[in-house]
Amino acid sequence: MKIINSNQNIEWRKSFSGNDELKTVIEFDDLLRNKSFKGLQIINKGLNQKNIKKLRVTKKEIVNSGKLVTDDEKFALYEAIKNISYVSKSQLKDISKSIEPINGLTIWDKFVPITSVGLYVPGGTAPLVSSFLMQVIPAITAGCKDIIICTPPDKNGKIYPAILWLAEQLNVSSIYKIGGAQAILSMANGYLGIPKVNKIFGPGNSYVAEAKKYVSNKVAIDLYAGPSEVMVVTNDKEKISLASIDALSQLEHGKDSSAFILSKSKSVLDGIKKEIKSLSKDLSRTNLLDCSKNNISLVKCKSDKDIVNMINDCAPEHLVLLDDDFPRYLDSIENAGSVFCGSKSPVAFGDYASGTNHVLPTSGWAKSSSGLSTNDFVKKVSFQQTSKNAFNYLSDKVIKLSEIENLDAHGLSVEMRKNKDIDKPRASFIRRQTKETSIYASVDLDGQGLYEIDTGINFLDHMLEQFCKNSGLNIFLRAVGDLQIDLHHTIEDTAIVLGEVISESLSSRENINRYSSKTIIMDESSAKVDIDLSSRANLNLSIPILNNFVGDFPTEMLSHFLESFVKNLKFTCHIEIKGSNSHHLIEVLFKCLGKAFKESIQLNTEEITSTKGLL
């Protein structure tokens with residue numbers, strides 16, 4: 001164990017080619033595919049393992065397992081079941097809320113359990129009962145129909161009793177006495193009478209990991225599970241013993257396990273170095289630890305920022321933030337499998353019974369992957385249904401997109417569905433380019449209040465969003481201008497474009513309500529808005545004196561915005577605002593204006609909108 005500085009080129013993990021393991025996996029695959037059980041006998045002989053005639057665990061073995069599990073063990077296992085189940089159920093999604101990106105186009109997702117899953121539960125140097133729970137409970141919670149378990153037996157051909165007792169409690173019966181790469185190959189291909197599955201889960205040694213990669217072209221796998229690893233962060237001399245035992249608790253998994261310890265204090269790192277040597281002498285897996293201790297990295301960091309950079313660069317499977325000031329790191333941590341905060345949160349809690357899953361990304365995969373969850377046992381199926389109006393709104397745009405890609409059959413599949421008698425949708429798109437600004441906007445009058453607005457002026461965006469929510473208009477608007485020099489052009493040009501695009505969407509303005517009068521209150525402020533969607537532009541605005549700025553919006557531009565909006569939309573608008581808070585005064589205005597618009601643009605074929613026949 002050497003102390004290294006964070007500015008050195010740190011190789012977090014030893015390189016692993018996997019070439020030898022892959023050769024063995026291919027050899028095993030050939031034996032099982034061509035010789036079945038005789039091939040397994042050859043494999044077992046080479047591994048010096050017992051040949052088992054019947055791989056599937058019998059019902060009698062499952063029932064009798066309870067006699068070999070003590071009451072204290074059962075009590076602890078029930079606690080793990082309870083907590084893991086609670087977390088797994090919190091992750092479950094049944095069906096998503098439907099959305100309508102345009103009026104009449106309904107889209108929703110349905111979450112469907114994967115029909116058959118294969119769970120690999122490691123045995124070998126330690127029977128991982130916890131690994132069984134971490135996989136089978138999310139699978140059950142997700143609703144997977146067929147759950148296949150493969151786990152290596154002991155030298156007498158027996159499965160660890162606690163695993164079988166848990167299987168009985170959870171009503172899982174398809175358990176097979178087989179481990180290693182041969183188990184993965186069998187679940188992927190249906191060898192040895194073991195059912196073929198759709199997705200394989202579970203950690204294991206390097207041969208298991210390589211076998212999962214090898215079969216991933218024919219079945220899905222959860223993630224690449226390499227050697228166990230932990231990163232511990234502490235600057236507190238009082239935490240030297242805890243940091244040392246947290247490192248050893250993961251190093252005892254295997255000879256290739258790793259531990260990384262970060263500190264701004266060299267004396268802390270020196271203390272941990274000594275403590276690890278002392279503590280390891282009294283542990284039961286000393287021979288294994290003598291090897292894995294060579295995989296410890298003690299890293300001297302310069303600052304908190306340096307520590308965060310080290311964490312995110314390494315992307316450890318387990319991250320322990322031992323000190324009481326751990327919150328200072330939380331917002332900056334991006335890459336870690338699971339994080340344990342404070343001195344009372346040992347990794348062992350997550351390994352066994354707190355409820356979070358201990359099947360986590362290793363080897364730096366936490367940069368792009370998450371730990372196992374119920375979501376890994378489901379798939380998402382998307383649905384959509386389009387009304388006549390939504391079809392008519394979207395059809396020409398889709399045809400144009402198919403022309404861009406020169407896929408004429410796509411366009412024809414839309415064209416052939418067209419009904420020429422369907423009314424034109426009340427929607428429009430406009431782009432305005434000036435020396436100062438570039439703005440484009442699309443509006444759907446028959447929307448659901450959806451919006452995506454970016455003018456670069458946050459408060460203006462917020463106000464236009466309030467207008468959308470209250471009017472029901474769908475508005476997509478982007479504005480690019482030199483905001484550092486002059487906000488005025490962007491604000492005024494946004495009003496011009498918005499007025500023009502809504503006016504174009506209204507077309508002839510026939511068969512609409514035309515008039516509306518709305519009053520709303522917001523805290524100490526109130527608004528009264530009367531509008532007439534004639535083609536005559538007139539604004540009558542009454543509002544108290546405002547602060548110079550509300551957020552990043554210069555309030556002197558409010559009247560300019562409204563005047564440009566009214567002029568280009570061509571309508572009459574009387575606005576009376578009362579109150580004292582500048583933010584509230586402007587917000588209540590936009591909300592009330594939106595509600596007035598919602599009523600005035602509604603289609604109405606029963607009443608005459610103009611005695612002259614034209615608006």
Side-chain angles (χ1 to χ4, degrees), residues 100-105 386-401 403-404 414 418-434 437-455 460-461 463-465 467-480 490-514 516 531-537 561-562 564-573 590 593-594 596-604 609 614-615:
E100 289 193 7
I102 58 176
N103 191 34
L105 173 59
T386 311
S387 69
K388 290 181 179 180
N389 287 338
F391 173 84
N392 200 43
Y393 171 82
L394 200 57
S395 56
D396 287 341
K397 300 173 181 64
V398 171
I399 289 171
K400 179 57 66 179
L401 290 169
E403 290 173 355
I404 292 172
V414 177
K418 274 191 171 183
N419 182 341
K420 306 302 180 182
D421 297 328
I422 294 179
D423 293 333
K424 183 180 178 182
R426 300 197 300 166
S428 189
F429 172 85
I430 281 181
R431 181 175 182 270
R432 176 183 172 87
Q433 181 75 49
T434 68
T437 61
S438 174
I439 303 175
Y440 57 92
S442 70
V443 166
D444 180 4
L445 300 186
D446 300 305
Q448 304 83 43
L450 304 177
Y451 54 83
E452 191 165 329
I453 298 168
D454 183 7
T455 65
L460 179 58
D461 293 350
M463 292 303 100
L464 294 179
E465 289 165 4
F467 177 75
C468 289
K469 291 177 181 178
N470 287 276
S471 67
L473 272 65
N474 289 354
I475 297 179
F476 182 92
L477 186 146
R478 284 283 186 275
V480 179
T490 298
I491 294 171
E492 188 168 357
D493 288 355
T494 295
I496 292 170
V497 169
L498 200 55
E500 288 179 349
V501 74
I502 294 175
S503 179
E504 187 173 299
S505 300
L506 284 167
S507 187
S508 66
R509 308 194 186 196
E510 295 177 348
N511 301 323
I512 59 172
N513 282 338
R514 175 178 171 178
S516 178
I531 63 176
D532 171 12
L533 286 180
S534 66
S535 295
R536 297 182 294 276
F561 178 91
L562 293 171
S564 297
F565 181 60
V566 168
K567 180 181 177 181
N568 287 275
L569 204 161
K570 303 182 183 67
F571 73 109
T572 298
C573 183
F590 277 88
L593 183 61
F597 254 91
K598 185 172 186 176
E599 183 175 293
S600 63
I601 65 175
Q602 294 303 307
L603 295 172
N604 185 344
T609 54
L614 294 172
L615 290 180

> Partners of Ser503 by side-chain hydrogen bond (donor to acceptor under 3.5 Å, both in side chains), sequence neighbours excluded?
Replying inline: Arg509
>> So, using side-chain hydrogen bond (donor to acceptor under 3.5 Å, both in side chains) as the criterion, who are the partners of Arg432 when residues are at least two apart?
In response: none
> Among Thr494, Thr490, Asp461, which residue meets the side-chain hydrogen bond (donor to acceptor under 3.5 Å, both in side chains) test with Thr455?
Replying inline: Asp461
> Between Asn474 and Asp444, is there a donor-acceptor pair closer than 3.5 Å when you use the side chain of the first and the backbone of the second?
Replying inline: no
> Donor-acceptor pair, Ser471 side chain versus Leu593 backbone, under 3.5 Å?
Replying inline: no
> Looking at residues at least two apart in the chain, or sitting in another chain, which of them share a ring pair (Phe, Tyr, Trp, His ring centres under 6.0 Å) with Phe467?
Replying inline: Phe597
> Is there a donor-acceptor pair closer than 3.5 Å between any side-chain N or O of Ser534 and the backbone N or O of Arg536?
Replying inline: yes
> Who passes side-chain hydrogen bond (donor to acceptor under 3.5 Å, both in side chains) against Ser428, sequence neighbours left out?
Replying inline: Glu504
> What residues form a side-chain hydrogen bond (donor to acceptor under 3.5 Å, both in side chains) with Asn568, not counting sequence neighbours?
Replying inline: none
> Does Ile102 reach the side chain of Leu394, with side-chain heavy atoms less than 4.5 Å apart?
Replying inline: yes
>> Between Ser442 and Phe429 (side chain of the first, backbone of the second, donor and acceptor by atom type, cut-off under 3.5 Å), is there such a pair?
In response: no
>> Going by salt bridge (Lys or Arg N to Asp or Glu O under 4.0 Å), name the residues that satisfy it together with Glu100, two or more places apart in sequence or in a different chain.
In response: none
> Tell me, do Cys573 and Leu562 make a side-chain contact under 4.5 Å, heavy atoms counted?
Replying inline: no
